[in-house]
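First up is the structure itself, then whatever we jot down about it.
We're numbering straight along the sequence, starting at 1.
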Amino acid sequence: MINSLPDDTRQAMEADAFRQLLAHLDANKDVQNIDLMILADFCRNCLSKWLVAAGERQGVSIDYDTAREYVYGMPYSQWKSLYQADATPEQLNALDARQQQRSRTDS
C-alpha cells in the first residue's frame, strides 16, 4: 500500500514519521544512546550520520555537527552535559555482547 503511493506523498509521510521520532527522542532524554544501541543497534548519533548521508545523496552538504544539532535539538556538547550519564559496567557489557552478536550474524 505505502509503496504504491505517489513518491511525494510517501516521502512526506516518511519525513513526518522521522520528525515524530525526533520529537519522541527529545521527550525521552532519559533514554541514553547506549540503551538505544543495545536494544536497536542505532542511536541519536546514527540518525545524525544517516541525515548527513541522505543529504549527500540529494546533493546537499550538511556537516555532522549541524546534523547532530538538528537531531538533538541543541548543540551536542550541551545535550551531553545536561542529559548524558556515564555508561554503567552493565551497559558496556550489554553493548559489547550486542556488537559481538552482530559481528557473528554479519559474517
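- The two residues Gln32 and Arg44 have their closest heavy-atom pair at C-NH1, 4.1 Å.
- The aromatic rings of Trp79 and Tyr83 are tilted relative to each other, their planes meeting at an angle between 30° and 60°.
- Between the side chain of Asn28 and the backbone N or O of His24, at least one donor-acceptor pair lies under 3.5 Å.
- Heavy atoms only, all atoms of each residue included: Val52 and Ala67 are closest at CG2-CB, 3.6 Å.
- Linking ILVMFWY residues whenever their side-chain heavy atoms come closer than 4.5 Å, directly or via other members, leaves Tyr64 and Leu51 in distinct clusters.
- Around the CG atom of Leu82, the shell of radius 6.0 Å holds more than 12 heavy atoms that belong to other residues, nucleotides or ligands.
- With a 4.5 Å cut-off on side-chain heavy atoms, Val71 and Asn45 do not count as touching.
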Criterion side chain to side chain contact (heavy atoms under 4.5 Å, CB included) on Tyr70 and Thr66, from CA distance to verdict: CA-CA 6 Å; Tyr70 179 78; Thr66 300; 6.0 Å; no
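- The shortest heavy-atom contact between Ser48 and Arg68 is OG-CA, 3.2 Å.
- Note: the hydrophobic cluster containing Leu36 also contains Phe18 (ILVMFWY, side chain heavy atoms under 4.5 Å, direct or indirect links).
- Leu95 and Val31 fall into different hydrophobic clusters, where Ile, Leu, Val, Met, Phe, Trp and Tyr residues are linked whenever their side-chain heavy atoms come under 4.5 Å apart, directly or through other members.
- Nearest heavy atom pair, residue Gln91 against residue Asp86, reads OE1-O, 4.0 Å.
- Considering CG of Asn93 and CZ of Arg98, their distance stands at 15.5 Å, rounded to 0.5 Å.
- Side-chain atoms of Arg10 and Glu14, non-hydrogen and from C-beta on, do get closer than 4.5 Å to each other.
- Nearest heavy atom pair, residue Gln101 against residue Thr105, reads O-OG1, 2.9 Å.
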Side chain to side chain contact (heavy atoms under 4.5 Å, CB included) between Trp50 and Phe42, worked out: CA-CA 10 Å; Trp50 298 341; Phe42 84 98; 3.6 Å; yes
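- Contact of the Lys80 side chain with the Tyr72 side chain is not registered, since no non-hydrogen atoms from C-beta on lie closer than 4.5 Å.
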Worked check of side chain to side chain contact (heavy atoms under 4.5 Å, CB included) between Leu47 and Leu22: CA-CA 9 Å; Leu47 290 173; Leu22 293 181; 4.1 Å; yes
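- Side chain of Asp16 to main chain of Ala12: no donor-acceptor pair is present (N/O by atom type, distance under 3.5 Å, no hydrogens or angles).
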